[in-house]
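Heads up, the thing below is written out as structure tokens.
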Amino acid sequence: MNVIILATVGVVLLLLLMLDKKQIQNGAERLSVFWFRLAFAFLLLFAMNIAGGFIGIYVPVNIASGLILAILGIPGFVSLCTLAVFL
């Protein structure tokens, strides 16, 4: 198990050495935008769960719904609301 982890870390480090500075910055920027969207998605899911609790609609706060909301954006929000209403 330790050998697999060490080999994976080594391959990732070698791939990072092959990239230039602009590619690394671009990848880090995309990753930071994704993490921000994911954090905002969980904040929105929590708010939807609190607001929906007053009218009897339960919106699950889990990693799957967070990823749907973070990746799809507004269509993901609509699909989660639709699933919460009809299920």
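If you read the sequence from its start, that first residue is 1, and numbering goes on from there. In this text, all values refer to a predicted model and were calculated from it rather than measured experimentally.
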Minimum-distance pair of heavy atoms, taken over all atoms of [X] and [Y]:
| X | Y | value |
| --- | --- | --- |
| A41 | G66 | CB-O, 3.6 Å |
| M48 | V59 | CE-CG1, 3.7 Å |
| L45 | L69 | CG-CD2, 4.0 Å |

Using 0.5 Å steps for rounding, measure from the [atom1] atom of [X] to the [atom2] atom of [Y].
| X | Y | atom1 | atom2 | answer |
| --- | --- | --- | --- | --- |
| I57 | N49 | CD1 | CG | 11.0 Å |
| N26 | K21 | CG | NZ | 14.0 Å |
| R30 | Q25 | CZ | CD | 13.5 Å |
| I63 | L38 | CD1 | CG | 5.5 Å |
| L72 | L80 | CG | CG | 8.5 Å |
| S79 | I74 | OG | CD1 | 12.0 Å |

Hydrophobic clusters here meaning ILVMFWY residues chained together by side-chain heavy-atom distances under 4.5 Å, can you tell me if [X] and [Y] are in one?
| X | Y | answer |
| --- | --- | --- |
| V78 | L87 | no |
| Y58 | F54 | no |
| I55 | I50 | no |
| I71 | L83 | no |
| L43 | V33 | no |

Checklist entry - Under 6.0 Å from the CD1 atom of I4, do we count more than 12 heavy atoms belonging to anything else shown? => result no

Checklist entry - Are there more than 12 heavy atoms of other residues, nucleotides or ligands under 6.0 Å from atom CZ of F40? => result no

Checklist entry - Hey, mind stepping through F77 and I68 against side chain to side chain contact (heavy atoms under 4.5 Å, CB included) and telling me if it holds? => result CA-CA 8 Å; F77 176 76; I68 288 171; over 6 Å; no

